[in-house]
Amino acid sequence: MSEVFNREEKLSKEFNAAILNILEDMGDNMDNDFYKHLTFKTLVNLKKVLSNINNLITLQTSVAFVDFLCEINKIESEIASNVIKEINKTNANTNGYDIVCKNGSFPFIAEVKCNIPCGKKGEKYGAAQIASIKTDLEGLRNGKKKTLEVNLKEYFRFMVVLECDGIDKAIEGLECEDVKIWNDKLEINKDIIYIVPINLENNEVDKGFDK
């Protein structure tokens, strides 16, 4: 039997290796000037691990979103556990949607975007960020190439974002008619794409939006 891929284990090992390289470069030096003691090899490894940090944040955000759906009784705990297992078994760069749940009474798909708005006051996405987000929204709206065919009308659809200062205004700037910011008072349906901000510090969804 082939070994099951473990996304969290892979990413954490690579992250830990990069941190250990920094500590090894420091040696017995305790001056807290990490940069001064870094070798070129360690700098290259740090460059590689930066994408892993993004992938780790995306993984944690994905899991927190599934947990949230379980907490608000949209999906059962057993289904949530199975979805999280599938997320962890999937390579970060695999084609398709970030999260897919076909079972139970609440089938859903989700894309997870952890971009932090880079515009003025952190209240606006940059051009490249907007292009990436709109590409994923289009995939949720009309399907994605290189993806197993799914009937989107059968799924609740979400875009999960990382909660941060200014995120509400940044999202409003996307100006998409079939997209709504999540609100626990909304009557959810399959004709709308819901943007759900996740607060990883408190491991919860921000409920402060009133739109």
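Residues: numbered from 1 along the sequence shown.
Residue D25 comes nearest to L38 through the heavy atom pair OD2-CA, 3.6 Å, listed as atom of the first residue, atom of the second, then distance. The two atoms that bring P117 and C164 nearest to each other are CD-SG, 3.6 Å, heavy atoms only. Between V66 and V83, the shortest heavy-atom contact is CG2-CG1, 3.9 Å. Across M159 and D136, no two heavy atoms sit closer than the pair CE-CB, 3.5 Å. Taking every heavy atom of both residues into account, Q129 and I116 meet most closely at NE2-O, 2.9 Å.
With I99 as the partner, the side chain to side chain contact (heavy atoms under 4.5 Å, CB included) test is satisfied by one option alone out of T90, I87, I84: I87.
Looking only at distances, a side-chain donor or acceptor of T135 sits under 3.5 Å from a matching main-chain atom of A131. With hydrogens and angles ignored, the 3.5 Å screen pairs no side-chain donor or acceptor of R157 with any backbone N or O of I193. For S12 (side chain) and E8 (main-chain N/O), a donor-acceptor pair under 3.5 Å exists by modelled atom type.
The environment of CD in E14 is crowded: more than 12 heavy-atom neighbours from other residues, nucleotides or ligands sit within 6.0 Å.
Ring centroids of W182 and F68 are separated by less than 6.0 Å, placing the two rings close together.
By the 6.0 Å and 45° rule, K180 does not stack over the aromatic ring of Y194. A cation-pi arrangement is present between K144 and Y97 under the rule of less than 6.0 angstrom and at most 45 degrees off the ring axis.
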As a quick check of understanding, evaluate salt bridge (Lys or Arg N to Asp or Glu O under 4.0 Å) for E138 and K134, giving each step before the final call. CA-CA 6 Å; E138 183 61 22; K134 289 197 171 183; over 6 Å; no
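No side-chain donor-acceptor contact under 3.5 Å links D98 and S62. Under the 3.5 Å distance criterion, with hydrogens and angles disregarded, no donor-acceptor pair is assigned to the side chains of N103 and N82.
With rounding to the nearest 0.5 Å, the separation of CZ in R141 from CD1 in I192 is 10.0 Å. For the atom pair S132 OG and E111 CD, the distance stands at 9.0 Å (nearest 0.5 Å).
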